[in-house]
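A, B, ... follow the sequence lines: proteins, then strands. Residue 1 opens every chain.
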Protein chains: 2
Amino acid sequence: MSGDQSAKRPVPTMRDIAAAAAVSQSTVSRVLSGAPTTVPIAPETRQRVLRTARELGYRPNPLARGLRGASTNLIGAVVRDFSDPFFAGVIEALVVESMAHGYNVVLGHVPGRAGEEAGDRAGEKAGEKAAAVAGEEAVALTAVLETRHIDAVVLLGDMQEHPQLLADLRNSIVPVVALWPGTSPREFPTVDADDRAGIRAGLSHLVSLGHKRIAFVNAELPNDYRVREDAYLDFMREHFGAVPPGYVERCASTLAGGDAALRRLMDRPDPPTAVAASTDVVAIGVLHAAHSVGVTVPGDLSVVGFDDILIAAHTVPALTTVRMPISEIVGYAVTQAVRLAREPVDAQRVPTLEIFKPALTVRDSTAPRR
Amino acid sequence: MSGDQSAKRPVPTMRDIAAAAAVSQSTVSRVLSGAPTTVPIAPETRQRVLRTARELGYRPNPLARGLRGASTNLIGAVVRDFSDPFFAGVIEALVVESMAHGYNVVLGHVPGRAGEEAGDRAGEKAGEKAAAVAGEEAVALTAVLETRHIDAVVLLGDMQEHPQLLADLRNSIVPVVALWPGTSPREFPTVDADDRAGIRAGLSHLVSLGHKRIAFVNAELPNDYRVREDAYLDFMREHFGAVPPGYVERCASTLAGGDAALRRLMDRPDPPTAVAASTDVVAIGVLHAAHSVGVTVPGDLSVVGFDDILIAAHTVPALTTVRMPISEIVGYAVTQAVRLAREPVDAQRVPTLEIFKPALTVRDSTAPRR
DNA sequence: ATGATGCAGGCATACGATTTCACCCACCAA
DNA sequence: TTGGTGGGTGAAATCGTATGCCTGCATCAT
């Protein structure tokens with residue numbers, strides 16, 4: 001068919017279509033963009049152009065589109081911590097939801113303090129470029145964004161560690177939606193979960209099983225985000241008048257962190273009979289540690305997690321946890337982001353706040369106190 | 001500082017720099033791109049331009065760059081299954097590695113049979129556009145790519161289910177690197193692991209512990225990818241002369257799949273004393289099922305996984321598995337992709353093949369046969 | 001003194017699509 | 001016949017960057 005031509009120009013341009021359909025390139029643009037043109041197009045011309053485009057296998061060049069200020073249909077996702085299974089699930093939901101809206105997702109990962117390093121290694125490719133461009137560190141931080149390359153940005157998790165990124169975002173024109181913002185200032189439209197209600201649901205469940213010696217393992221973010229911990233403290237004070245001293249353990253937000261935290265708790269003279277964890281990841285670490293030190297779950301110890309990540313239903317034993325409505329939250333956020341991407345700039349920065357309610361999911365890691 | 005100006009033009013262009021530094025736009029481009037120009041630039045001019053750029057907070061517009069055929073520094077990742085924790089880890093590695101090379105990652109997910117649906121819902125945004133563009137289904141499938149928007153494509157997992165995607169890739173000029181291609185035809189440079197060696201390592205370990213009744217749980221991909229299963233069959237025949245009948249269970253590549261498979265195995269009159277799973281995900285399902293039906297691991301049953309995903313070290317009990325060298329594989333692939341992105345088109349499609357060796361990681365889910 | 005060299009930098013154009021403006025033509029009313 | 005009028009189309013500017021080509025201006029050798 002288009003043999004040798006496709007070898008040279010695999011993707012035909014509008015000019016090619018125009019030549020083949022014997023119209024001008026402007027007409028091709030008008031027909032293919034499908035936008036309600038100000039100018040009328042004869043039905044037959046329209047058909048001819050469409051047919052030609054199909055035959056030649058036309059694909060619009062999004063870069064050229066974007067250059068004119070049109071949308072690139074790209075959503076940038078900046079995620080605090082990649083290795084966290086919770087965010088892995090979030091990203092999946094985000095990608096699926098975005099594609100359903102006709103958008104793709106560009107992943108950005110905010111390097112800890114690695115601005116320098118990233119710049120250096122990028123230099124491999126860019127030659128002197130990296131060194132030459134002004135304000136290189138700042139550029140490295142906002143790498144994903146490269147403003148205007150992207151129609152909207154979704155912030156996943158606490159971004160407090162990256163003020164530079166937030167500042168860049170603030171000064172740019174891209175709409176931003178923040179999810180699970182933690183301690184980040186509420187400067188963008190935000191979607192979050194009612195952490196306090198979630199923690200209370202888990203704790204109420206433990207109390208209803210007769211537990212009193214309930215410890216809390218808090219996955220500590222770099223900036224003290226203590227909503228879940230505070231919810232625990234308040235709950236304990238309400239129900240028992242006081243928080244058992246030493247019953248709050250803080251640890252890294254990892255499996256190993258939860259593991260270590262439980263070991264510390266069980267080493268106490270008065271070990272708890274139940275543990276609430278601030279995330280499933282640490283809860284799974286707790287499960288593992290309990291098994292390692294010979295504590296039976298749920299016989300000797302009840303464990304409640306938070307998030308209901310994918311593996312939670314298949315741990316040993318299956319984890320009782322609080323389901324984070326990820327798809328609802330992400331779905332809402334994407335809808336919001338897409339809407340903002342189309343709206344005039346001035347309407348975008350209203351820091352709205354939408355809260356979703358988590359719900360308890362009882363499985364096998366909790367049992368009545370012995 | 002730049003008060004009202006930033007309100008109108010948040011991101012200055014090269015033209016702005018040029019005006020401010022009293023040089024031509026071309027000079028600005030030459031200085032900022034840092035490429036070894038054919039044209040000499042006076043050091044002082046260079047400095048002046050750089051300073052001006054810094055002061056005005058210049059950021060290159062990647063779209064405009066890309067339009068000229070330059071690189072967009074974007075790598076497209078197409079992943080077979082998002083919900084798989086294995087691929088979550090892979091994506092993390094990919095993002096980190098890509099950013100180290102100065103690239104960002106665009107996530108694509110190949111919809112099962114959902115071409116229609118995706119197109120419809122995308123229509124929300126594009127109005128008649130979606131319907132108007134030729135070959136809409138094809139466009140939906142290659143959504144991420146939008147050829148030339150991306151410098152290279154990394155294929156994650158088996159793409160056999162998506163011949164349309166492969167065809168598009170074949171006809172486009174983007175370099176492609178395939179990772180863990182499974183049954184996909186070897187038409188691109190490929191990076192894979194030595195599955196056979198990995199399975200044999202796991203099985204040898206079980207045999208050295210005295211196990212003979214070793215079953216295999218195969219996470220079945222849509223296209224029968226049976227390298228791991230075949231490795232098991234061969235191994236068993238070599239060591240025991242035959243494969244115990246009914247000892248190969250196939251299941252969905254999910255936690256629930258592994259769960260169900262183990263239940264079937266343990267229901268047999270001659271249950272195995274050890275199980276090798278083709279992936280950690282199903283192995284974790286196996287662990288969970290064993291616990292549910294009262295089979296102790298590793299007392300009654302030894303379990304070996306494959307992949308060494310993040311949670312594997314923290315399951316109950318910690319999973320003995322075969323470590324998939326993800327970072328090595330991804331690192332090699334990204335280096336390759338970046339190199340190909342810079343090379344002339346004709347050198348790109350040589351279907352090279354690089355194989356990495358997995359290694360056994362012994363933890364607590366295996367023990368001598370009782 | 002003068003053409004040859006080399007250094008610095010500007011001009012113009014290309015990239016592919018969008019969009020504004022202008023144009024042509026047919027048809028209708030006056 | 002002529003001045004609309006409006007439908008249908010094309011030419012050209014534009015977006016921001018990269019680059020081939022050309023032009024000044026010194027300096028240098030002859």
Ignoring hydrogens and geometry, is there a side-chain-to-backbone donor-acceptor pair from B:Arg46 to B:Ile41 under 3.5 Å? no

Taking 4.0 Å as the cut-off, does a side-chain nitrogen or oxygen of B:Arg65 come that near to OP1 or OP2 on D:dA18? yes

For B:Thr52, which residues count as a side chain to side chain donor-acceptor pair (under 3.5 Å) partner, sequence neighbours excluded? none

Between A:Ser29 and A:Ser26, does any side-chain donor sit less than 3.5 Å from a side-chain acceptor? no

Atom CG of A:Asn61 and atom C1' of C:dG16 are separated, to the nearest Å, by 6 Å

D:dA18, OP1 or OP2 - any side-chain N/O from B:Ser29 closer than 4.0 Å? yes

Taking only side-chain N and O atoms of A:Tyr58, does any of them lie within less than 4.0 angstrom of OP1 or OP2 on C:dG16? no

Name the pairs: protein N/O against N/O of nucleotides 6-14 of chain D, kept only if under 3.5 Å.
| unit_1 | atom_1 | unit_2 | atom_2 | d |
| --- | --- | --- | --- | --- |
| D:dT9 | OP1 | A:Thr45 | OG1 | 2.7 |
| D:dT9 | OP2 | A:Ala42 | N | 3.1 |
| D:dT9 | OP2 | A:Thr45 | OG1 | 3.2 |
| D:dG10 | OP2 | A:Ser24 | N | 2.6 |
| D:dG10 | OP2 | A:Ser24 | OG | 3.2 |
| D:dG10 | OP2 | A:Thr27 | OG1 | 2.9 |
| D:dG10 | N7 | A:Arg30 | NH2 | 2.8 |
| D:dG10 | O6 | A:Arg30 | NH1 | 3.3 |
| D:dG10 | O6 | A:Arg30 | NH2 | 3.1 |
| D:dA11 | N7 | A:Ser26 | OG | 3.3 |
| D:dA11 | N6 | A:Ser26 | OG | 3.2 |
| D:dT14 | O2 | A:Arg68 | NH1 | 2.1 |

Separation between CE (A:Met14) and CG (A:Asn61), nearest 0.5 Å, reads 10.0 Å

Measure the spacing between CD of B:Gln25 and CG of B:Asp16 and express it to the nearest 0.5 Å. 10.5 Å

Distance in angstrom units between B:Leu32 CG and D:dT17 P, rounded: 9 Å

May I have the distance from B:Met14 (atom CE) to D:dT19 (atom C1'), rounded to whole angstrom? 12 Å

If I take atom CD1 in residue B:Ile17 and atom P in nucleotide C:dG10, what distance separates them, rounded to the nearest angstrom? 14 Å

Test log, rule side chain to side chain contact (heavy atoms under 4.5 Å, CB included), inputs A:Val154 and A:Val334: CA-CA 8 Å; A:Val154 175; A:Val334 170; 5.5 Å; no

